[in-house]
Amino acid sequence: MKVVVAFLALYVTIALGVKEELFKKCHENGFCHRNRHYGSHILEAHDWPYRINSTSLKTSAETSHIWLEILKTISHDKEIVLDLQLSLLNDDNLRVQVNERRSNDLKGVGSLTTHRFNGTGNWVLVDSVTEGKFKSIDASLKEKLGLKYGKYHSAELTYYPLTLKVYYKNQLQMTVNDKKFFNLEHYRTMEDNDMNMLPFELDFDMFKDSFKDSSKDTIPFGPESIGLDFTFNGYQHVYGIPEHADSLSLRDTTNSEPYRLFNIDLFEYEVGSTMPMYGAIPFLLAVKPTKVASGLFWLNSGDTFVDIDKTHLKGVSTHWMSENGIIDFIILVKESPEAINKAYGELSGFTPLPQLFALGYHQCRWNYNDQEDVLQVHENMDKYQIPYDTIWLDIEYADSKKYFTWNKKTFPDPRKMMLELDRTGRNLVIIVDPHFKTGYFVSNELMKQDLCVKDNENKILKAHCWPGESVYIDSLNPKATEYLTSKYQMSSKNTFMGGDDITNVHLWNDMNEPSVFDGPETTFFKDTIHYGRWEHRSIHNMYGMSYHNATFHALTNRLAQSSRNRPFVLTRSFFAGSQRTAAMWTGDNMSKWEYLKASIPMNMNQGIAGMPFSGSDVGGFFGNPSKELLTRWYQTGIWYAFFRAHAHIDSRRREPWIAGEPYTSIIRNAIRLRYRLLPTIYTTMQRTSVEGVPFMRPLFYSYPGNLDTYEIENEFYLGNSGLLIAPVLEEGVKEIIIVLPNVKEIYYDYTNGKMSLESYYGKSQIIKQVTLEDIPMFLEGGSIITEKQRYRRSSKLMINDPYTLIIAPNHDQGKASGQLYIDDYETYDYQNGKSAMIEFEASDKGISSTLIRGEGEEFKVTNHVEKVIVLNFTKQYDAKPLKQVVVNKQQVVEFEIVHNNHLVIKMPNTPMSQNWTIEYEYVESSSLHDEL
Ligand SMILES: *[C@@H]1O[C@H](CO)[C@@H](O)[C@H](O)[C@H]1NC(C)=O
Ligand SMILES: *[C@@H]1O[C@H](CO)[C@@H](O)[C@H](O)[C@H]1NC(C)=O
Ligand SMILES: *[C@@H]1O[C@H](CO)[C@@H](O)[C@H](O)[C@H]1NC(C)=O
Ligand SMILES: *[C@@H]1O[C@H](CO)[C@@H](O)[C@H](O)[C@H]1NC(C)=O
Ligand SMILES: *[C@@H]1O[C@H](CO)[C@@H](O)[C@H](O)[C@H]1NC(C)=O
Ligand SMILES: *[C@@H]1O[C@H](CO)[C@@H](O)[C@H](O)[C@H]1NC(C)=O
């Protein structure tokens, strides 16, 4: 939502231009600097400090776990013992954990839990994860252990030098500790530090923090970092580890800043940067053209840096460094990126299918001034015939930014407003941040119930955010969910949520990194204390998730008995697992062309990292976009899974009608195109919710065999619908270059969702002329998409509308197929089988529609199909002229050939609840049939 600039000027007296200096670089961050130093010096070492004690091998009776000791040699008479554990998750994902043995009684750590934080996995992994068994464990050799697991996997753990190699179909995919960067800073005190150092270690900032703003960090445990390198053998490209405003394919960082994962309120950030942002997902995907892909899931929620080395001949090498916690990672190797994402989803959860409205258009700004203003915008959307589903309220709705209150002057009757929105199927989203102003009932209750985050002396932490001095809810405490549930509960007295019959109000969690205006790097001190007596240092990157998760469960409890019970929560901060309970947006963008451009790789990387329900502020958050930029942003934004316009409080009003003609009409067309495609979009989201695949799908993802697609970041597919989009991302351009990823397939030009005479075959790249109206789109041969072509005010009002099918025959045989998913769009009944998947097949003979119901309760499909369009019909089927079109073997229906090419069939209101067919009868149909 917003930034801290003004307040920083107040609290930290820092000028605008130097904001980067608020955030630590690697060389200013003790553990990063030390691990990089360790890496560069260990390369020259002749022997290495870590080795495995081969006689320590233990396996569980059912061969699901393997334990070994790692010995860290400090000197000839001093060794530290670490525990290594290998296990399998969901059959063939290899998990490796390394922990140190720590006493329960450490000096100077007060009441803190003494052992290393090992709970990240517990938070992130879903309950349904099962433990697998190794197929074989070969310990016949003294120097290494051979493992076989899954269908195609094997691994080899060498004891000295310590390395782990992972193979898929006998091909080496990954080498762990290839460069010997393995490092675990074991516990020691400042006094005996000298006796615990290795020769190639640096003691920089082990017991103090020399970064100015964090110098008060007491670092109670001293140095506790971990580091490890992973080489992805034979790979040239790696993706993921959001959130960064950077390229899709991660770049080499050997001579620059590593990618940092540390959730912060980074304002006015720059594009093309490895600086951390609001959220972090420590998951990396590596892809190569030979039908194999690898994933690395680093289960650590502390401050983390990742160096990428692309200069390595063996493949991309990565160096992971975290400030504390245990070494805990999962290696995934599968046949494709899809299979990796599916497996990642089976580990960390999938995005639940949202209500349909959440995929509609969201209208937001900081702030709609008052109730009148909200309803005025609402009416104007109808007046200008622009569909929309949700209007948003930023922090100003509350009385003095005290969440759970309304400003009575500006919002005298929120309930009335909510009911008015509901009348046309519209929703309201309101913001509730995790900081609560001191001195009102919410903060008082939180303090009384011991639900606040504590400072390093175990006293309630008070720090500054929007409302001034605030306390922060400790949402790591399960009781926080109960507390929020009481605040959101269904009750006629709960005027905050409008009463017990209001079900169209949903929630927005912002500032949950957390943002702390007077804190180091705009967040908590790392020695802040949470529930469980854990330092904030250990869980920092999960705090945001803990809050939106608590919000989600509270809202779930509120809506449980209603007929619209899928909650919607938007979060700015996130971690692995966040996809289960929230959508995210990329935070505070600038209204500049380069940010529009960067939004595509950023949202694609979100999808790769398993959190595809994402979007960026349409129009950009700061500043005032030109009318052209605003228009182009809408044309791009309609493809984000989460499609919301938002603006800073100082930005001029920019609702779609303000720009005037021709812009308003072009923006309207873009938004209407989104609505027209909602059947395809909802189907895409459904696939995403069960398969974990990206919503905005990178080209390499569909065509990993084509290396030329690996760095394309200005085009994408809409899921697996076959719709390829190449939005215009630059000012004033008259033509754009478009990469077509599969030269063996036809790409039908479907710009602006209109049939066209153009199609492309055998070209890997084309140049297309564009005007301001144009959203370049292509339907890939072989696909079938569905549309609802009537304008309605909201998605809810479209539910009963009839469908149109667009069929794009493929090059080889003129065949195509596609799917349409339907349910009630609002409840969880689909989990009991109340849903329908309709499969379409097309060939030169005709079309068939097959309805496959969910298992269980019957879902009644009430829609009809009104029109079927077959692109390039005449050319494609090499035209014997079409004599007639027969539906369900009995009814001859009207058809038309448009542009001398495309077939348009007017359907006799055919119910989608039944299987139906279309058959073509050609003039010489019998001879044609013989041929095929
Ligand atoms: C290796 O492990 C065995 C079995 O646990 C133990 O007896 C032995 O002392 C260990 N060796 C070293 C050097 O720690
Ligand atoms: C974490 O470590 C502690 C102490 O060794 C242990 O009691 C606990 O079971 C571990 N928890 C998990 C989730 O591994
Ligand atoms: C989410 O909240 C529920 C309910 O309090 C809790 O059981 C669960 O552990 C939480 N999960 C995460 C990831 O915060
Ligand atoms: C949001 O901000 C980042 C960082 O400046 C930028 O790279 C990203 O592309 C922005 N999102 C959009 C939609 O521009
Ligand atoms: C139609 O298909 C033919 C044969 O595949 C192809 O040569 C032609 O370019 C296509 N035309 C259009 C308009 O799609
Ligand atoms: C449609 O056809 C499929 C496959 O033949 C069949 O399983 C299904 O029951 C049919 N559905 C209806 C509604 O007739």
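Numbering of ligands and ligand atoms starts at 1, following listing order.
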### Summary
Asn915 heavy atoms within 4.0 Å reach ligand 6 at atoms 1 (C), 2 (O), 3 (C), 8 (C), 10 (C), 11 (N), 12 (C), 14 (O)
#### Entry: 4.0 Å protein heavy-atom contact status of atom 11 (N) of ligand 2, strictly under
yes
### Task
Could you give me the CA-CA distance, side-chain angles and deciding distance for Asp83 and Arg101, then say whether salt bridge (charged side-chain N to carboxylate O under 4.0 Å, His left out) is met?
CA-CA 8 Å; Asp83 292 307; Arg101 298 174 181 176; 2.7 Å; yes
### Task
Would you mind running through ligand 6 and noting each atom that sits below 4.0 Å from a heavy atom of Ser913?
13 (C)
### Query
Less than 3.5 Å between some nitrogen or oxygen of Gln914 and one of ligand 6, yes or no?
no
### Query
Taking distance alone, with no angle check, do Asn549 and ligand 3 share an N/O pair under 3.5 Å?
yes
### Message
Does only the side chain of Arg580 get under 4.0 Å from ligand 3, or the backbone, or both, or neither? Count heavy atoms.
### Response
side chain
### Query
Are the aromatic rings of Tyr543 and Tyr472 close, with centres under 6.0 Å apart?
no
### Element-labelled atoms of ligand 6 that are located less than 4.0 Å from some non-hydrogen atom of Thr850
1 (C), 2 (O), 3 (C), 4 (C)
### Task
Determine, counting only non-hydrogen atoms of the protein, whether one lies under 4.0 angstrom from atom 2 (O) of ligand 3.
yes
### Task
Under 4.0 Å from a heavy atom of Asn122: give me the atoms of ligand 2 that qualify, with their elements.
13 (C)
### Message
Check the orientation of Tyr50 and Phe182. Use parallel for under 30°, tilted for 30 to 60°, and perpendicular for over 60°.
### Response
perpendicular
### Message
Under the criterion ring-ring contact (aromatic ring centres under 6.0 Å, His included), I'd like the reasoning laid out for His540 against Trp534: C-alpha separation, chi angles, the key distance, then a yes or no.
### Response
CA-CA 10 Å; His540 173 81; Trp534 294 110; over 10 Å; no
### Query
Pick one: which of Tyr344, Trp320, Phe329 meets ring-ring contact (aromatic ring centres under 6.0 Å, His included) with Phe283?
Tyr344
#### Entry: Shortest protein contact, atom 7 (O) of ligand 2 (heavy atom only)
His115 NE2, 4.9 Å
### Query
What atoms of ligand 2 come within less than 4.0 Å of a heavy atom belonging to Asn118?
1 (C), 2 (O), 3 (C), 8 (C), 10 (C), 11 (N), 12 (C), 13 (C), 14 (O)
### Query
Would atom 14 (O) of ligand 6 count as contacted, meaning some protein heavy atom under 4.0 Å?
yes
### Query
Can a salt bridge be assigned to the pair Asp474 and Lys454 using a cut-off of 4.0 Å between side-chain N and carboxylate O?
no
### Task
Before accepting this row, confirm whether a basic side-chain N of the pair Arg537/Glu323 lies closer than 4.0 Å to the acidic partner's carboxylate O.
yes
### Message
Is it the case that the side chain of Arg566 and the backbone of Pro354 share a donor-acceptor pair, with hydrogens and angles ignored and the cut-off at 3.5 Å?
### Response
yes
### Task
Within a distance under 4.0 Å of any heavy atom of Thr481, pick out the atoms of ligand 3 and give their elements.
4 (C), 5 (O)
### Task
Check whether any N or O atom of Ser546, backbone or side chain, sits under 3.5 Å from an N or O atom of ligand 3, and answer yes or no.
no
### Message
Within the protein, is there a heavy atom lying under 4.0 Å from atom 5 (O) of ligand 6?
### Response
no
### Task
Assess whether side-chain contact (heavy atoms from CB on, under 4.5 Å) is satisfied between Thr804 and Val865, documenting all intermediate values.
CA-CA 6 Å; Thr804 292; Val865 55; over 6 Å; no
### Query
Could you go step by step and tell me if Gln449 and Tyr483 meet the side-chain hydrogen bond (donor to acceptor under 3.5 Å, both in side chains) rule?
CA-CA 9 Å; Gln449 297 183 29; Tyr483 179 76; 5.9 Å; no
